[in-house]
Amino acid sequence: MLRLDWNPDGYTYPYVLKACGELRFLLCGESFHSLIVASGLDSNVFVCNGVIAMYGKCGLLGHARQVFDETVVRETADVISWNSIVAAYVQKDEDKKVLELFDLMVSLNSFELRPDAVSLVNVLPACGSLGAWKRGKQLQGYAIRRCLHEDVFVGNAIVDMYAKCKRLDDANKVFELMEVKDVVSWNALVTGYSQIGRFDEALGLFERMREEQIDLNVVTWSAVISGYAQRDLGYEALNIFKDMRLSGAEPNVITLVSVLSGYAKCKEMKIAQAMFDDIDRRDRNVVTWTVMIGGYAQHGDANDALELFSSMLKDQYSVIPNAYTISCALVACARLSSLRIGRQIHAYVLRQGYEPTIIFVANCLIDMYSKSGDVDAARLVFDNMSQRNTVSWTSLMTGYGMHGRGEEALQVFNVMRGEGLPIDGVTFLVVLYACSHSGMVDKGMNYFNHMKGDFGVVPGAEHYACMIDILGRAGRLDEAMKLIERMPMEPTSVVWVALLSACRVHKNVDLAEQAAAKLSELESENDGTYTLLSNIYANAKRWKDVARIRTLMKHSGIRKRPGCSWVQGKKETVTFFVGDRCHPMSEKIYDLLENLIHRIKAMGYVPETSFALHDVDDEEKGDLLIEHSEKLALAYGILTSAPGVPIRITKNLRVCGDCHTAMTYISKIIEHEIILRDSSRFHHIKNGSCSCRGFW
DNA sequence: CTAGGGTTAG
């Protein structure tokens with residue numbers, strides 16, 4: 001119990017209430033409020049204003065509003081009362097309410113209640129976040145009439161309001177006319193330019209700040225660091241961080257988050273992790289965790305992302321994941337095809353009642369379900385969304401495309417067109433890929449030919465690459481080559497890779513060599529290029545060339561990425577590498593495989609030995625087809641799944657042709673559907689046929 | 001009372 005042996009009066013309370021508000025000492029504040037009421041001081045407007053501000057700071061909007069309403073009823077409310085209640089709504093991000101209350105104050109048309117500088121500084125940011133620049137402009141006019149614009153806080157708020165409304169030229173004009181500027185004015189403009197993508201101008205201003213010897217503060221540095229990181233310029237971000245350290249400025253958590261995302265973009269997750277470990281546990285908030293989870297999900301091992309997510313949930317400081325965190329975790333699930341964890345996170349989302357208005361969480365769910373092999377679940381998420389954006393539609397179409405359900409993808413596209421949504425280059429890329437994976441050559445060609453005329457979307461090199469892919473898969477290699485020659489821009493490496501893969505499927509050595517030569521010119525050969533070429537030579541029995549490629553790889557230091565497949569078990573995911581014998585069930589796995597191969601040989605299966613040379617630098621292990629990781633994963637799946645349950649396998653590279661054939665035979669004699677995701681698409685293999693129908 | 005961090009489709 002609070003015991004006071006002195007009697008505070010109307011001059012005392014505002015001070016103590018202010019302290020309670022700033023320290024968020026809600027219980028103390030409430031006690032004082034009771035004492036105020038008990039001593040009848042609640043008729044004193046100065047005291048009431050203190051109470052309103054205290055409740056506002058502590059987040060008790062209802063209490064603040066009640067006290068405020070009482071002052072209004074008593075007709076004692078002054079500008080400060082109004083400013084205090086508006087500030088309370090500002091704190092809750094109730095932008096519309098902020099504007100409403102401000103209007104109400106103005107409409108009372110009382111000389112005493114004319115908005116002052118503080119009122120403007122409260123209401124301008126709300127205009128900014130609502131994009132209401134016309135309202136902001138009116139306020140600017142009012143500020144000028146009353147000479148409030150000379151107040152540097154008001155000036156800064158106006159600059160920021162225009163910047164948030166993406167009207168950087170207006171913001172700049174106000175900025176240049178400000179007689180007194182401070183570092184906040186500069187920072188508002190720098191971040192404004194950076195956030196709308198005019199990063200060069202942001203950097204120009206940053207340079208000017210350095211020249212004019214403005215005292216850069218931690219906000220300035222953080223803004224520039226994150227600006228670089230957001231544009232995937234991780235190393236530049238890290239350089240600015242070095243400059244910051246040299247300048248003697250002390251980084252804070254926000255700076256470190258920007259720096260962490262810089263390290264993530266450079267795939268330096270070890271350094272990022274060390275830095276994260278160094279951050280005081282109390283400073284690790286949801287954003288700090290999220291940037292690490294997102295870093296692992298996108299630029300590192302997605303398994304680490306999920307582990308970190310799980311340790312975040314268990315952390316003693318109990319940080320609650322928000323929509324960003326959930327998205328990052330779902331990205332990790334999508335990369336791993338982890339349907340089980342993805343479903344758990346979906347359930348968590350539903351339980352926690354993340355508003356369905358957070359479109360991007362739902363978009364991530366669509367992507368996760370599609371990439372985990374359950375595009376029907378993706379559809380359900382899509383159907384249940386109250387609002388959708390372009391990404392929602394394209395994600396669903398991508399899902400149908402990956403699973404070879406091209407017709408459904410095109411249906412979605414038609415509905416999307418009907419909704420009048422903007423159709424851009426990405427949309428067409430998705431449409432074309434859907435056509436490609438379903439072998440819809442003419443439809444794809446038709447869309448490609450009409451995208452410019454009917455939609456005003458000029459085909460880029462990626463669209464050409466996709467058409468090469470469509471024609472190539474269908475074996476129309478001459479047409480593909482002609483299209484390359486007709487390209488209005490230089491063919492990119494993606495184009496040549498598409499042609500090269502088509503040459504593998506359709507066994508065209510000459511064209512393959514041309515494509516490989518082009519890739520070499522562009523200096524973008526990778527292990528995939530060499531593997532493809534080696535397979536093509538092996539298929540043509542040109543063993544000398546196979547050997548030549550092998551030597552070439554050794555000299556250039558390019559190693560084939562090891563093939564690796566993982567299969568979703570009931571409780572956990574099990575990973576297999578080529579020739580893997582680490583698993584305790586290895587003996588059973590190999591026995592089963594030998595048995596299966598023996599049985600399907602009797603059904604007509606002939607091992608395609610050209611694929612045995614997949615692993616050109618891995619002679620010992622890779623030569624045995626039976627040891628390919630996808631076959632091991634399948635055998636494990638059969639051994640551990642109940643009859644009728646689909647076996648879900650994911651492979652980091654494209655599935656090997658022999659494995660694909662073998663699995664198709666095996667699907668006739670097992671009671672499981674095989675759902676196989678490789679780096680290119682999904683294969684649903686059942687009763688001796690595959691959904692890819694040869695288009696891979 | 002004004003400025004800064006993390007997220008989704010190819």
Side-chain angles (χ1 to χ4, degrees), chain A residues 53 80 83-84 86-87 90-91 116-125 128 151-161 163-164 182-192 194-195 217-227 229-230 251-262 264 285-295 297-298 321-331 334 358-368 370-371 388-399 401-402 424-434 460 462-463 465-466 494:
Chain A
I80 297 175
N83 287 346
S84 304
V86 169
V90 167
Q91 182 157 347
D116 63 5
V118 175
S119 322
L120 290 177
V121 172
N122 270 328
V123 75
L124 279 163
D151 181 316
V152 68
F153 271 61
V154 174
N156 290 345
I158 294 171
V159 171
D160 189 55
M161 179 275 298
K164 290 265 155 54
D182 62 11
V183 67
V184 176
S185 335
W186 289 88
N187 289 347
L189 208 55
V190 169
T191 55
S194 173
Q195 281 166 0
N217 67 11
V218 63
V219 178
T220 329
W221 291 107
S222 306
V224 179
I225 294 168
S226 86
Q230 275 168 30
N252 61 15
V253 199
I254 293 180
T255 327
L256 292 181
V257 166
S258 310
V259 174
L260 285 176
S261 85
N285 59 19
V286 62
V287 185
T288 343
W289 284 94
T290 303
V291 70
M292 287 302 293
I293 295 168
Q298 288 195 295
N322 63 17
Y324 290 94
T325 326
I326 299 289
S327 305
C328 292
L330 287 171
V331 167
I358 303 181
I359 297 180
F360 63 68
V361 172
N363 289 351
C364 291
L365 281 168
I366 294 174
D367 189 51
M368 180 278 294
S370 302
K371 289 183 178 158
R388 306 177 184 97
N389 62 15
T390 321
V391 179
S392 327
W393 292 86
T394 45
S395 302
L396 185 64
M397 284 160 54
T398 308
M402 280 191 297
D424 63 7
V426 175
T427 324
F428 270 105
L429 209 53
V430 169
V431 168
L432 294 178
Y433 265 109
E462 321 84 55
H463 300 95
C466 206
V494 198

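Just so you know, these numbers use all the heavy atoms, side chains as well, and skip hydrogens, waters and symmetry mates. Just so it is clear: chains get the letters A, B, ... in the order the sequence lines come, proteins before strands, and each one is counted from 1. Just so it is clear, the structure is predicted and the values come from calculations on it, not from any experiment.
Here the closest non-hydrogen pair linking Met402(A) and Ser370(A) is CE-CB, 3.7 Å.
The side chain to side chain contact (heavy atoms under 4.5 Å, CB included) check on Asn252(A) picks up Val218(A), Ile254(A), Thr255(A), with sequence neighbours excluded. With sequence neighbours excluded, the residues forming a side chain to side chain contact (heavy atoms under 4.5 Å, CB included) with Asp424(A) are Val426(A), Thr427(A), listed by chain and number. Not counting sequence neighbours, the partners of Ser261(A) by the side chain to side chain contact (heavy atoms under 4.5 Å, CB included) test are Ala229(A), Val291(A). Applying the ring pair (Phe, Tyr, Trp, His ring centres under 6.0 Å) test to Tyr324(A) and every residue at least two apart in sequence or in another chain returns Phe360(A). Residues that satisfy the side chain to side chain contact (heavy atoms under 4.5 Å, CB included) test with Val86(A), not counting sequence neighbours, are Val90(A), Val98(A), Leu101(A), Asn122(A).
Within the nucleic acid shown, Val224(A) has no heavy atom closer than 4.0 Å to any nucleic acid atom. Note on Asn217(A): a base of the nucleic acid sits closer than 4.0 angstrom, heavy atoms only. Gln230(A) comes within 4.0 angstrom of the backbone, heavy atoms only, and of no base. Among the protein residues, Asp116(A) comes within range of no part of the nucleic acid, since none of its heavy atoms lies under 4.0 Å from any strand. Among the heavy atoms of the strands lying under 4.0 Å from Asn252(A) is at least one base atom, whether or not backbone atoms are also near. Across all strands shown, Asn389(A) has no heavy atoms under 4.0 Å from either base or sugar-phosphate atoms. In this structure, Ser395(A) reaches the sugar-phosphate backbone alone: every heavy-atom distance under 4.0 Å involves primed, P, OP1 or OP2 atoms, never a base. Across all strands, Val253(A) comes closer than 4.0 Å to base atoms (heavy-atom distances).
Taking the 5' to 3' direction, DNA chain B first and last meets chain A under 4.0 angstrom from a heavy atom at dC1(B) to dG10(B).
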